[in-house]
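Just so we're clear, the structure is a prediction, and the values are computed from it rather than from any experiment. In each ligand, atom 1 is the first atom listed, and ligand 1 is the first ligand listed.
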Amino acid sequence: MPSLRVPNDVVADSADLANKHTLRCPRRGCDSLILRPGTARLVNLDGATSADLTEIPAHLLQEPQTESRDDSYRDGYWKVDNMMDFENVGFLKTLEGSGIKYLSCADCDLAPLGFHDTRDQGPSRGFFMAVQRVRYT
Ligand SMILES: [Zn+2]
């Protein structure tokens, strides 16, 4: 997956792990506002709990792929409990087999930026934006 440049200081506070920066669509020329600072929480998901996100073609992305890929946030997601916390977000059709809905950019439809598991009714239920798939401003 093409990695975007992720700032070292993604969280405002190491206790609550809220996002320090504004999260935006990574597509070149789009920049749609997805989440305001302090609205999401950083979580790490292992392969069993995260959905497979297909690759986004690198040429669509605003920032060039770097030579040495930083995998620090490979399993990192911004978790939002309530859909209303998003400024803008789109959803693809729910996948019948898994109940997964992929999150997209509401303005340009770039996807997948993250996912929501419609079958998860437990405490981990939420909306997940991949740390390496959004742009930080
Ligand atoms: Zn967009």
Side-chain angles (χ1 to χ4, degrees):
M1 145 176 117
S3 297
L4 294 171
R5 201 175 312 125
V6 178
N8 291 323
D9 56 342
V10 288
V11 295
D13 176 324
S14 56
D16 74 0
L17 300 179
N19 59 308
K20 182 175 181 177
H21 304 272
T22 299
L23 274 49
R24 295 181 183 275
C25 172
R27 188 196 287 263
R28 201 186 298 274
C30 178
D31 254 6
S32 180
L33 173 58
I34 297 172
L35 282 168
R36 293 191 186 280
T39 49
R41 224 160 14 87
L42 180 66
V43 295
N44 280 301
L45 301 179
D46 59 31
T49 44
S50 72
D52 277 339
L53 302 181
T54 54
E55 206 156 300
I56 295 174
H59 71 272
L60 293 178
L61 301 175
Q62 180 134 355
E63 294 178 37
Q65 200 169 354
T66 49
E67 284 287 323
S68 62
R69 208 165 86 174
D70 180 1
D71 273 342
S72 323
Y73 295 103
R74 200 183 34 154
D75 302 318
Y77 288 83
W78 294 111
K79 179 174 190 267
V80 170
D81 294 325
N82 190 328
M83 205 177 84
M84 302 309 289
D85 290 337
F86 287 105
E87 292 299 319
N88 294 290
V89 75
F91 292 95
L92 304 190
K93 221 172 77 173
T94 305
L95 299 180
E96 283 193 21
S98 60
I100 295 292
K101 253 185 197 303
Y102 288 114
L103 277 58
S104 63
C105 170
D107 287 330
C108 75
D109 296 328
L110 186 69
L113 302 180
F115 72 95
H116 170 62
D117 184 348
T118 59
R119 294 184 184 169
D120 185 355
Q121 301 298 328
S124 63
R125 182 181 166 85
F127 301 85
F128 298 90
M129 277 286 175
V131 168
Q132 290 187 335
R133 294 191 175 218
V134 288
R135 206 165 80 79
Y136 298 85
T137 59

For this session: Below 2.8 Å of the Zn ion (ligand 1), tally up the protein N/O/S atoms for me.
Result: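 Number of qualifying protein atoms: 4.
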Exercise. Should Leu33 and Val131 be counted in the same cluster of Ile, Leu, Val, Met, Phe, Trp and Tyr side chains packed under 4.5 Å apart?
Worked result: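 Each belongs to a different hydrophobic cluster.
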Exercise. Does Glu96 CD have over 12 foreign heavy atoms under 6.0 Å away?
Worked result: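 Open: at most 12 neighbouring heavy atoms sit under 6.0 Å from CD of Glu96.
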Exercise. Do Tyr77 and Phe115 have ring centres separated by under 6.0 Å?
Worked result: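 Yes, ring centres under 6.0 Å apart.
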Exercise. Mind checking whether Leu110 and Cys30 have side chains closer than 4.5 Å, heavy atoms only?
Worked result: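 Heavy-atom side-chain distance check fails, nothing below 4.5 Å.
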Exercise. So, Lys20 and Asp9, do they make that salt bridge, N to O below 4.0 Å?
Worked result: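 Looking at Lys20 and Asp9, the cut-off is met.
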For this session: Would you sort out whether Arg41 and Asp16 count as a salt bridge (Lys or Arg N to Asp or Glu O under 4.0 Å), showing the intermediate values?
Result: CA-CA 7 Å; Arg41 224 160 14 87; Asp16 74 0; over 6 Å; no
